[in-house]
Undergrad: 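Provided herewith is a single structure, encoded as structure tokens, for subsequent inquiry.
Convention: sequence-line order gives letters A, B, ...; per-chain numbering from 1.
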Amino acid sequence: MYSYNYKITSETHNKVTHNSHTGTSVQAKTSIWMLRGPILVIAEKPKAARRIVEALSQHYITRKYSNISYYEIKSMSQIVYVASAVGHLYTLHTELREYPVFEYKWVPAYIADEEKKYTRIYLELLGKLAHECLYYVNACDYDIEGSVIGYLIIKFHGDEKRAFRAKFSSLVHSELRSSFENLTPLDYDMIESGLCRHELDWIWGINVSRALMKAVFNATKRKITLSAGRVQTPTLKFITDRELERALFIPLPQYMITVKLKKDNRVFTVEFVENPVLSVTSANIVKSAVLRGKYLLVREYTTEKRKLTPPPPFNLSDLQYEAARIFGFSPMKTQKIAEDLYLEALISYPRTNSQKLPPTLNYREILQKLSRISKYEDLVSRLIRETRGILRPVEGEKEDPAHPAIYPTGNIPQSLTRDQWAVYDLIVRRFLAAFAPSAIMSYTRALLETPSEGYKFTCSGVNIELPGWLIYYPYHTPSTKILPKLARAERVEVIDVVVRESYTRPPAKLKKIDVLKWMESVEIGTESTRAPIIEKLFERNYLRNTKSGIEITDLGLGVVEVISWFFPELTSIDLTRRFEQLIGEVKAGSKSRLQVIEEAKGVIKKLLEVFNQRIDSIGALLSARLGITDSYTKCSIPTCRREVHENSLCKYHYEALKKLRDLYEEWYQRKNIAYKEYLKKLLNMKNTGMFIRDVIEHIELRELPHK
DNA sequence: GCAAGGTC
Ligand SMILES: [Zn+2]
């Protein structure tokens, strides 16, 4: 139903080609050097401005405006200023405080938001320079947001009619030079679709957030910050679903059969291939068969060598994942550290999705610089030896329209904290590993059977034949396990059979990194925004963090219920797919931005009308979940604040009770046990869900004596 | 004050 070929932020413009004589493009190209009159070149960020001016001239002048730098290229016939934004300098804003609200305009971010004060000086400088200039070049990142960032500055301080777009997808000097010799007119297709995305997110997010807050205010007279949005709400819903699954989880008994075998005086263990076995009776049948036979017959014994290629260079989410896995860092912490390292010029730009190193990068030079850091000296010389100086990095599939994978610059770290070192070290090692040879692993697998019944058992071993890249990036090293040598048809002596009772487990509690990986997998949010959006859900008190992972709060659950009821599209990732389709149509020119916004307005207005009709009961629900007031009809579980759904229970406790009673049948079949024993057993198990526990404790164990 | 998106 929707087209998936349009990504909200990673949209790549049509391929960058500057060879105008091939006739591949009909767009007029202009060389910056042909323009007569002062020119302002606008970069997206200070570091990019520096790279751009270095590429354009060897004789540029660095100037200071207050504490920020800009650059000047002066020749006989022209003057070029290169200055930078710091990301978005403008933001959508409204003076109105009510909702529905559809009146908004772009205003300087430093005015609308106290935290963006630092952008003021950049905008002030750009304004002053723009005033002196005749031509304007948007040289922001070559993506949809870059098109918007530069456009708004030119619109408010320059002149769209004398403006150009520079198109480059790396900051390599030759590519930069070429792009400035082939400037195109402003890319209005991207600008319009970008503006449209901003407006859609604003009207949805602001209106629904205000509606939620208004409901709570009416019910409690308290101003409590609540929010909803295209990215945060589906993310909250995802976490809620996992938490509900856990809270309603009932472990089921199951049985694992293992056999201890002996070969050459060495005892090793094989597992029943049909594990887990669902009842104790069938487990015991297998057990006695094995004991009767006294030995197992080897049916298969195979060893297979496999190449393990190095993992690709880091993009931000892979780095966040590894730092979480290896050091337990939150994605936000890793991101902040990576940003610090970038600002210290120790690593390349970190907010990238790319798993590919720039092909024109001087790898050898970086390696030589890294070898001056004593802890990498030996690794680098080993790498040069192993590769015989042939430096061809592996790459992954993921791409980014404006930035390559993360790599170390080779600059020597001066004073890093322990945590900064940890992240820096991961980046360096991953970079080194990208050039290293594949590791070679051998996997051994044995299949054995009982001689008469043919019950099958298996075991496997793994050995590192050649470490290859694991020397440089050892965090994927498997623990080796060597099996005894076996031959087909060999009889192996049985020492013991173990039937271990275990229980099914609920899905794990989510960690922040799991949430981030999920957002990435369903393509919502961006490298820059995912970790901050997860943090925002905690700030709103929708979530709480515990040692074992994320938990949903009563408020978070209530917000998801309310949004699911009145704004269901906002809880689904399909809204992002829908936005992608719409802004794709704006880009193609088949729909206008105004048209798309008017349609969205209509939808939102209608939803808000229905919301407003029920605003009192919504307010009552949320204020009960906040613990401010009591529900009119309270769930009979003493610890529960929710309103009654059926039989004096809220909908979760009602469902829990039903499930608890339904699943007893299954338990009885697996493990002959009385209902009361079943309840007590469940209460004693840590994996039993919270809602299940509640109904056992407060209903079943209380009512039983009367039954 | 509220979104999501840039970047410090
Ligand atoms: Zn309840």
Side-chain angles (χ1 to χ4, degrees), chain A residues 7-11 42-49 67-68 84-101 104 106 109-110 112-123 140-141 143-153 194-217 222-236 335-336 338-340 342-344 349-352 402-403 519 524-534 536-537 539-540 559 567 570 575-576 579 583 600 604:
Chain A
K7 303 288 160 50
I8 274 202
T9 55
S10 62
E11 165 68 2
I42 303 162
E44 183 159 325
K45 42 191 174 283
K47 279 203 148 81
N67 57 340
I68 64 173
S84 87
V86 267
H88 280 291
L89 297 183
Y90 287 85
T91 189
L92 287 173
H93 183 71
T94 184
E95 300 289 327
L96 305 175
R97 302 183 63 80
E98 74 265 16
Y99 78 91
V101 56
Y104 48 81
W106 288 98
Y110 72 84
D113 185 347
E114 185 73 15
E115 277 181 17
K116 308 254 163 88
K117 269 195 163 164
Y118 68 92
T119 63
R120 179 177 188 158
I121 191 78
Y122 289 88
L123 186 57
C140 293
D141 291 353
D143 53 31
I144 197 168
E145 295 301 327
S147 293
V148 172
I149 292 168
Y151 166 74
L152 290 171
I153 294 161
L195 293 171
C196 189
R197 201 278 307 154
H198 278 271
E199 293 180 38
L200 281 173
D201 273 328
W202 193 92
I203 60 178
W204 272 98
I206 300 297
N207 279 296
V208 176
S209 299
R210 284 185 178 184
L212 294 172
M213 286 186 279
K214 178 77 171 168
V216 168
F217 182 77
R222 291 199 208 178
K223 291 190 175 174
I224 289 164
T225 303
L226 299 174
S227 64
R230 173 180 56 82
V231 178
Q232 63 170 262
T233 303
T235 304
L236 182 62
Q335 183 165 339
K336 279 193 179 139
E339 281 160 1
D340 290 342
Y342 162 69
L343 292 174
E344 293 291 319
Y349 182 84
R351 290 179 291 259
T352 175
H403 305 283
M519 295 169 81
I524 61 173
T526 67
E527 300 287 322
S528 306
T529 59
R530 287 180 196 125
I533 286 175
I534 294 169
K536 189 171 284 182
L537 295 173
E539 280 164 35
R540 298 277 177 268
V559 165
F567 310 99
L570 203 52
L575 188 62
T576 296
F579 277 26
I583 64 179
I604 296 167

Undergrad: Which part of the nucleic acid, if any, lies within reach of A/Arg540 when heavy atoms closer than 4.0 Å are counted: base, sugar-phosphate only, or nothing?
TA: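 Sugar-phosphate contact only.
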
Undergrad: Between A/Ser528 and A/Met213, which has a closest nucleotide on DNA chain B that is more 5'?
TA: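 First, find each residue's nearest nucleotide; the 5'-ward one identifies A/Met213.
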
Undergrad: Does the B/dA3 base have a donor-acceptor partner in the side chain of A/Thr91 within less than 3.5 Å?
TA: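 Check passes, donor-acceptor contact within cut-off.
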
Undergrad: With A/Tyr99 as reference, evaluate A/Asn207, A/Ile203, A/Ile206, A/Ile604 under the side-chain contact (heavy atoms from CB on, under 4.5 Å) test and give the passing residue.
TA: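 Exactly one pass, corresponding to A/Asn207.
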
Undergrad: So if I take every side-chain heavy atom of A/Arg97 and compare against B/dC2, B/dG1, B/dG6, which nucleotide ends up nearest?
TA: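 Out of B/dC2, B/dG1, B/dG6, the nucleotide with an atom closest to A/Arg97's side chain is B/dG1.
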
Undergrad: When the distance from CD of A/Glu199 to C1' of B/dG5 is rounded to whole Å, what number comes out?
TA: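 For the pair A/Glu199 CD and B/dG5 C1', the rounded distance is 14 Å.
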
Undergrad: Identify, between A/Trp202 and A/Leu89, the residue whose nearest nucleotide on DNA chain B lies closer to the 5' end.
TA: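 The answer here is A/Trp202.
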
Undergrad: Does any N or O donor sit under 3.5 Å from an N or O acceptor when you compare the side chain of A/Arg351 with the base of B/dG6?
TA: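 Flag unset: no donor-acceptor pair detected.
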
Undergrad: Roughly how far, to the nearest 0.5 Å, is the NZ atom of A/Lys47 from the OG atom of A/Ser84?
TA: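 Reported to 0.5 Å precision, the distance equals 11.5 Å.
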
Undergrad: Which whole-number value in Å describes the distance from A/Ile524 CD1 to B/dA3 P?
TA: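 Atom CD1 in A/Ile524 sits about 15 Å away from atom P in B/dA3.
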
Undergrad: Rounded to whole Å, how long is the line connecting atom CD of A/Glu539 with atom P of B/dG1?
TA: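 Computing the A/Glu539:CD to B/dG1:P distance gives 14 Å.
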
Undergrad: Give, for atom OG1 of A/Thr235 and atom CZ of A/Arg530, the distance between the pair rounded to the nearest 0.5 Å.
TA: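 Taking OG1 in A/Thr235 and CZ in A/Arg530, the distance rounds to 9.5 Å.
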
